[in-house]
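Quick note: numbers below take in every heavy atom, side chains included, and nothing from hydrogens, waters or symmetry partners. Worth saying up front: this structure is predicted, and the values here are computed from it rather than measured.
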Amino acid sequence: MASRRMETKPVITCLKTLLIVYSFVFWITGAILLAVGLWGKFILGPYISLIAENSTNAPYVLIGTGTTIIVFGLFGCFATCRGSPWMLKLYAMFLSLVFLAELVAGISGFVFRHEIKGTFMRTYNEAIQNYNAQDERSIAVDNVQRSLRCCGVLNYTSWFSSVYFPVNGIPPSCCANISDCNASDLRNATIAVTKVHQQGCYELVTTFIETNMGIIAGVTFGIAFSQLIGMLLACCLSRFITANQYEMV
């Protein structure tokens, strides 16, 4: 009995060390998700509104998930240091729930990427048709056109049917060279064609989605399967501690 306890203690110490390191990394992951959620809420809000037909809860989901992971990451460190089997089992159960949630999110994002593209087509077209250069969505359209050096949905002709064009012409954010692009030129459909970007924004955005969706899904799956390591460590540590306590009785 005594010799087995002596053999078990180094294993428990090793598992504790590994689980504490894992919990710390897990905690950092939660902090990153929280930061991304806050960034999405306060910085990317207008851009997200161009992709979602209705108000999206994605930033709030990331904030909530990140906060929960931070709390349970600390709980995992506490449970490991305390060496409580029931706490370790609870931590393993939480990791399994996170694993399933991330797995579903990754699969859904990859499977429904074409729906995201279709939604973006509709919402971006609506934003252009109702553009007024002042509201949040209009400012987001301007930022997209400036940063991607594009104009309109499929091309600059998208602006011809907007409520903004008859009075103001094509927005300055479409200009290829802002120093050679004045308001009178932009109101003249014939001249404006030579002053603005020829490529539409839809193709650029959807190409980006197609190119990076596989990477995003891969990273999501990688993080999800890393939870299996934490689950295995927590379960093994709980088992060894319980067995060690049993042998001491």
Side-chain angles (χ1 to χ4, degrees), residues 4-45 47-48 51-52 55-110 212-249:
R4 285 197 64 182
R5 286 200 299 272
M6 292 297 292
E7 292 173 1
T8 305
K9 284 183 178 180
V11 176
I12 292 176
T13 302
C14 180
L15 287 173
K16 277 188 173 183
T17 303
L18 290 173
L19 191 55
I20 287 174
V21 171
Y22 173 84
S23 297
F24 179 70
V25 174
F26 188 56
W27 184 88
I28 291 175
T29 303
I32 291 172
L33 285 177
L34 177 60
V36 171
L38 292 171
W39 181 58
K41 171 61 182 172
F42 296 106
I43 305 298
L44 298 183
Y47 299 97
I48 293 174
I51 298 175
S55 178
T56 179
N57 293 320
Y60 296 106
V61 171
L62 288 174
I63 291 170
T65 303
T67 303
T68 305
I69 287 176
I70 287 173
V71 172
F72 270 88
L74 293 173
F75 176 80
C77 289
F78 176 75
T80 304
C81 294
R82 184 81 182 271
S84 172
W86 74 267
M87 285 185 176
L88 290 167
K89 289 175 183 177
L90 181 62
Y91 184 47
M93 185 177 67
F94 171 75
L95 289 175
S96 67
L97 293 176
V98 172
F99 165 74
L100 291 174
E102 290 176 345
L103 196 63
V104 170
I107 293 173
S108 299
F110 189 75
N212 293 279
M213 188 58 73
I215 298 173
I216 294 169
V219 171
T220 302
F221 291 142
I223 294 174
F225 281 102
S226 72
Q227 315 305 325
L228 294 176
I229 299 173
M231 290 162 53
L232 184 63
L233 288 172
C235 289
C236 288
L237 181 57
S238 174
R239 180 183 176 185
F240 272 104
I241 290 174
T242 301
N244 195 55
Q245 290 173 345
Y246 176 75
E247 289 171 1
M248 292 177 66
V249 176

Donor-acceptor pairs are to be reported for all side-chain atoms of residues 23-36 against protein atoms at under 3.5 Å, with residues two or more places apart or in another chain.
residue: Ser23; atom: OG; partner: Leu19; partner atom: O; Å: 2.8
residue: Ser23; atom: OG; partner: Tyr91; partner atom: OH; Å: 3.0
residue: Thr29; atom: OG1; partner: Val25; partner atom: O; Å: 3.0

Quiz item: What pairs with Leu18 under side chain to side chain contact (heavy atoms under 4.5 Å, CB included), at least two apart in sequence or on another chain?
Solution: Cys14, Leu233
Quiz item: Who passes side chain to side chain contact (heavy atoms under 4.5 Å, CB included) against Leu97, sequence neighbours left out?
Solution: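 By the side chain to side chain contact (heavy atoms under 4.5 Å, CB included) rule, Leu97 matches no residue at all.
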Under 3.5 Å, sequence neighbours excluded: what are the donor-acceptor pairs made by side chains of residues 77-86?
residue: Thr80; atom: OG1; partner: Gly76; partner atom: O; Å: 2.7
residue: Ser84; atom: OG; partner: Trp86; partner atom: NE1; Å: 3.1

Between atom [atom1] of [X] and atom [atom2] of [Y], what is the distance when rounded to the nearest 0.5 Å?
X: Leu95; Y: Leu232; atom1: CG; atom2: CG; result: 11.0 Å
X: Ile12; Y: Cys236; atom1: CD1; atom2: SG; result: 11.5 Å
X: Phe99; Y: Leu228; atom1: CZ; atom2: CG; result: 4.5 Å

Quiz item: Going by the side-chain hydrogen bond (donor to acceptor under 3.5 Å, both in side chains) test, which pairs reach into residues 10-19, not counting sequence neighbours?
Solution: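 Pairs touching residues 10-19 that pass the test: none.
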Quiz prompt | Pairs where residues 62-75 contributes a residue and the test side-chain hydrogen bond (donor to acceptor under 3.5 Å, both in side chains) is met, not counting sequence neighbours | solution =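 Listed once each, the pairs would be none.
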Exercise. Please report the closest heavy-atom contact between Met231 and Ser96, naming both atoms and the distance.
Key: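 Smallest interatomic distance, heavy atoms only, reads SD-CA, 3.5 Å.
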Quiz item: Are any non-hydrogen side-chain atoms of Thr242 and Arg239 less than 4.5 angstrom apart?
Solution: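 They are not in contact (no side-chain heavy atoms under 4.5 Å apart), so the answer is no.
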Self-check item: Listed partners of Phe72 passing ring pair (Phe, Tyr, Trp, His ring centres under 6.0 Å), at least two apart
Solution: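 Here the qualifying residues are Phe75, Phe94.
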